[in-house]
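The analysis underlying the following values was restricted to heavy atoms, covering all of them including side chains, and did not include hydrogens, waters or symmetry mates.
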Amino acid sequence: GHVESRHNLGEFEWEKRNYDRAVKHFLISAKMGFYFSVDAIKTMYTNGLATKEQYAAALSGFQDAVKGMESRERDEAKRLGYTFSESAPSGR
């Protein structure tokens with residue numbers, strides 16, 4: 001599914017106080033490389049709403065996703081000033 005949509009489902013469940021369901025949605029989007037979901041689980045963990053294991057799984061999954069997105073082509077694009085949300089080099 002769409003990573004931001006999955007994160008939004010987590011926020012929706014969090015607001016409804018369905019914390020177990022919120023963590024599940026946030027874990028899925030964190031493992032897809034969405035940092036805001038990792039941060040949400042961190043907040044839940046510090047407030048006693050998620051476990052240490054869930055937070056560790058979110059961090060590990062996020063790191064794996066980011067590592068999986070690395071490539072020479074992306075590094076070259078960054079060097080040239082391209083970002084992944086723009087179609088033209090930054091600064092132009």
Q) Does atom CG of D20 have more than 12 heavy-atom neighbours from other groups under 6.0 Å away? A) no
Do you know which two heavy atoms are closest between [X] and [Y], and how far apart they sit?
X: V3; Y: M32; result: CG2-CB, 3.8 Å
X: V38; Y: A58; result: CG2-O, 3.9 Å
X: A30; Y: S37; result: N-CB, 3.7 Å

Q: Evaluate the side-chain proximity of T46 to Y55: yes if any heavy-atom separation is below 4.5 Å, no if none is.
A: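 With C-beta onward as the side chain, the pair stays apart.
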Q.
Is the shortest side-chain heavy-atom distance between F62 and K31 below 4.5 Å?
A. no
**Q.** Full working for side-chain contact (heavy atoms from CB on, under 4.5 Å) between W14 and K16
**A.** CA-CA 5 Å; W14 188 350; K16 289 177 57 179; over 6 Å; no
Q: Give a yes or no on whether the backbone of F26 and the side-chain of S29 come within a donor-acceptor separation of less than 3.5 Å.
A: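 Yes: the side chain of S29 pairs with the backbone of F26.
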Q: Would you give the length of the straight line joining atom CG of L9 to atom CG of N18, rounded to the nearest 0.5 angstrom?
A: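 The CG atom of N18 is 12.0 Å from CG of L9, to the nearest 0.5 Å.
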Q. For the atom pair CZ (R17) and CG (L49), what is the distance rounded to the nearest 0.5 Å?
A. 9.5 Å
**Q.** From R6, E13, H7, residue fulfilling side-chain hydrogen bond (donor to acceptor under 3.5 Å, both in side chains) relative to H25
**A.** R6
Q: Start with the C-alpha gap between E11 and N8, add the side-chain angles, then the distance that decides, and say whether side-chain contact (heavy atoms from CB on, under 4.5 Å) holds.
A: CA-CA 5 Å; E11 287 186 347; N8 290 341; 4.0 Å; yes
Q | Criterion side-chain contact (heavy atoms from CB on, under 4.5 Å) on K52 and Y45, from CA distance to verdict | A | CA-CA 7 Å; K52 184 177 184 177; Y45 170 62; 3.7 Å; yes
Q: May I ask whether V23 and F12 are part of the same hydrophobic cluster, defined by side-chain heavy atoms of I, L, V, M, F, W, Y residues being less than 4.5 angstrom apart, directly or through others?
A: no
